[in-house]
K.L.:
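Submitted below is the structure of interest, expressed as structure tokens.
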Number of protein chains: 2
Amino acid sequence: MTQNLDAISPDIPSDYESLKARISTLSDSMPKRLLQCARYALANPDRIALGTTAEIASAAGVQPSTLVRFAQTLGFDGFSQMQQIFQGQLVGRNSEYTERLTKIRESGTNTPGGILGNFVERSKQSLDDLLRQVDTVALERSIEALSAAENIHLLGLRRAYPVVSYLHYTLGKMGVRTNLLEYTGGILEERVQFINENDALFVATFSPYSPEVVEFASKAFGRGVSVISLTDSVLSPIARVSSTVLEVNEAEHGAFRSLSTTMCLATSIAVAVGDARKWTSLS
Amino acid sequence: MTQNLDAISPDIPSDYESLKARISTLSDSMPKRLLQCARYALANPDRIALGTTAEIASAAGVQPSTLVRFAQTLGFDGFSQMQQIFQGQLVGRNSEYTERLTKIRESGTNTPGGILGNFVERSKQSLDDLLRQVDTVALERSIEALSAAENIHLLGLRRAYPVVSYLHYTLGKMGVRTNLLEYTGGILEERVQFINENDALFVATFSPYSPEVVEFASKAFGRGVSVISLTDSVLSPIARVSSTVLEVNEAEHGAFRSLSTTMCLATSIAVAVGDARKWTSLS
DNA sequence: ATAAATTTGGAATGAATTTTCCGAATTGCT
DNA sequence: AGCAATTCGGAAAATTCATTCCAAATTTAT
């Protein structure tokens, strides 16, 4: 097998891209351990570039010899030769990046790359703002409320729906069951009655704020339910009917906003709640 | 002299900045050859990071032993220890990130604020990586395919579902109708027949890759449908059944990954496709 | 179920690399 | 200019590292 592959492609990959491509094509026919190497290499190219066989092997959970075999399977003489490709990628990266940024800036906002560059920049700014402006007290109270709740209900429509559906999934994976309130016709409001005082309602809504969501939260809040809201302004109508308000200023491009920062916050909330629940369930 | 310096500053520089600072303060009292090392090191930090003593020494016009003495003059045990600082600088290109991350770790990653700080930093890094690694050709081809498609079908389960549901919403707002394939029981596969050759299938899937999604994409691809996939590795099984592959390396916190970067890319795609469709519909 | 082929782990090998050491050369001081 | 201290070069030693090899384990084919 190996001989055949060598015969088919005797030349060695000369840059990181072709190396990735070769890994991709050969991964089908790779045995378990070599696949493990492949996965590790693609996930941690920096460590391959700088580490020794012993270090990398132990980090990847294989033998040093397997690492050498992996390199040889890809067409290299040995590990060292493959390592050079990873090193080249590491060095070229620095210069390429700035070069690429200027190129993207020049390309304006009408090319796909330009649009992406724009969003990346704004998202980074937005993430900075999040960390700077976040109300840690509100955040901690939110985590507490969600951790203490008997049941967690999630509500969000339109642009907010991906946020709550993600929370639903991630919390579920952490062993925290949640109730994702889907909007199926006009019956949403009727479900308020199934939320009781010991529960928490997590509601996400952004401008323009869906009236039905605000209305729902208002009713729940009126019933004494702990309402944690994620929104884009303290002026949001949801703020008045919430126990705790989390604010996020999302990156924009014209009229279109990303969900990048919001997702970052949502993930953090999920992990924090998962952690808190784990500790309490263990004790 | 050397003994004195050791006595004055027995601690070793722990990052590139303090290393540079020490070189600059000590360079006054350095003899010729060591100064030569200092100059070379500051001018070619990358080569110091990756080369061997023999290589570097010859490039710098000194003996390998001089290189070792140089490192020891700066307070290190030997060359290897100094090299690690240069390597660290190479990996944490914007050493800001790693620096801030360690700062965050010191303040504890178990508090909600700590978890958020962690995700914010990693997400920013992840966004940088996205811009650096994105295959602009693949991106442009994706936009073209999606713009040219008669109908756009969207598929993504579990963690990928929020991504496609967001695309569904955003593209809809831009006047691009899409068909969001929801997973309702085992009937998913039967829907392949409703996708025809002029359509495009956008499929998102992350490790562990849902077999049913891969299977679905495979069938569509087999029917000649343009399949644009968004995934987390070239080893993804979806890659083999796609016309175009977009790769995203998302930020992690332990076992949990955010969707921050993925959402940024998704938004960009939506805006780009929306733009492209607008132009063609106007002309 | 059995045999053949492939893959794997781990020790052994051999190469490469870092570090030490010491005599020679250079520099600084009187 | 002559002496002492420092610096340097280069070889030798010690260490680390990549690679090879082979027996054991696993997988595949019959």
Side-chain angles (χ1 to χ4, degrees), chain A residues 1-8 12 19 23 26-41 44 47-88, chain B residues 1-8 12 19 23 26-41 44 46-87:
Chain A
M1 173 60 83
T2 301
Q3 293 85 339
N4 269 337
L5 291 171
D6 280 354
I8 291 165
I12 63 177
L19 172 55
I23 290 177
L26 295 186
S27 62
D28 299 330
S29 55
M30 273 186 194
K32 197 173 66 170
R33 287 282 120 106
L34 293 190
L35 220 127
Q36 207 171 322
C37 292
R39 260 195 273 276
Y40 187 86
N44 309 72
R47 298 188 79 163
I48 303 281
L50 298 174
T52 66
T53 47
E55 287 166 9
I56 300 164
S58 117
V62 298
Q63 291 287 323
S65 53
T66 308
L67 226 43
V68 175
R69 272 201 299 270
F70 172 65
Q72 288 169 342
T73 303
L74 298 176
F76 299 101
D77 286 349
F79 172 81
S80 303
Q81 204 177 40
M82 178 183 78
Q83 193 178 40
Q84 291 190 334
I85 303 294
F86 284 87
Q87 292 182 344
Chain B
M1 171 58 82
T2 303
Q3 294 86 339
N4 268 338
L5 289 173
D6 280 353
I8 292 166
I12 62 177
L19 173 55
I23 290 177
L26 296 185
S27 61
D28 300 330
S29 55
M30 273 186 194
K32 196 174 66 169
R33 288 282 120 109
L34 293 191
L35 209 99
Q36 207 171 323
C37 291
R39 260 196 272 276
Y40 187 85
N44 309 71
D46 294 359
R47 298 187 77 161
I48 304 281
L50 297 174
T52 68
T53 46
E55 287 166 11
I56 299 164
S58 121
V62 298
Q63 290 288 322
S65 54
T66 309
L67 227 41
V68 175
R69 272 200 298 271
F70 172 65
Q72 288 168 342
T73 304
L74 297 175
F76 298 100
D77 285 349
F79 172 80
S80 303
Q81 204 176 43
M82 179 182 76
Q83 191 177 41
Q84 292 189 333
I85 303 295
F86 283 88
Q87 292 183 343

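Every value quoted in this text rests on a predicted model; they were computed, and no experiment measured them.
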K.L.:
For B/Arg39, give me all partners under side chain to side chain donor-acceptor pair (under 3.5 Å), at least two apart in sequence or on another chain.
P.N.:
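Residues passing side chain to side chain donor-acceptor pair (under 3.5 Å) with B/Arg39: none at all.
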K.L.:
Once you round it to whole Å, what is the distance between C1' of D/dC8 and CE of B/Met30?
P.N.:
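Distance, rounded to whole Å: 15 Å.
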K.L.:
With sequence neighbours excluded, what pairs up with B/Arg33 under the side chain to side chain donor-acceptor pair (under 3.5 Å) test?
P.N.:
B/Gln36
K.L.:
In chain order, what residues pass the ring-ring contact (aromatic ring centres under 6.0 Å, His included) check against B/Phe86, with sequence neighbours excluded?
P.N.:
B/Tyr16
K.L.:
Nearest whole angstrom, please: distance from the P of D/dT27 to the CG of A/Leu35.
P.N.:
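Distance check: A/Leu35 CG to D/dT27 P gives 14 Å.
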K.L.:
Between B/Phe79 and B/Ile48, what is the shortest heavy-atom contact and its length?
P.N.:
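Nearest heavy atoms, B/Phe79 then B/Ile48: CZ-O, 4.1 Å.
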K.L.:
Whole-Å distance between D/dA25 C1' and A/Lys32 NZ?
P.N.:
11 Å
K.L.:
Any side-chain N or O of A/Gln63 less than 4.0 Å from the OP1 or OP2 oxygen of C/dT8?
P.N.:
no
K.L.:
Could you tell me which residues satisfy salt bridge (Lys or Arg N to Asp or Glu O under 4.0 Å) with A/Asp28, sequence neighbours excluded, listed by chain and number?
P.N.:
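Salt bridge (Lys or Arg N to Asp or Glu O under 4.0 Å) check on A/Asp28 returns B/Arg240.
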K.L.:
Distance check needed: C/dT8 C1' versus A/Gln36 CD, whole Å only.
P.N.:
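Roughly 11 Å, once rounded to whole Å.
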K.L.:
So, using side-chain contact (heavy atoms from CB on, under 4.5 Å) as the criterion, who are the partners of A/Asn44 when residues are at least two apart?
P.N.:
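Result, side-chain contact (heavy atoms from CB on, under 4.5 Å) vs A/Asn44: A/Tyr40, A/Arg47.
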K.L.:
Where along nucleotides 14-21 of chain D does protein come under 4.0 Å, by heavy atom, of base (B) or sugar-phosphate alone (S), with - for untouched nucleotides?
P.N.:
---SBBB-
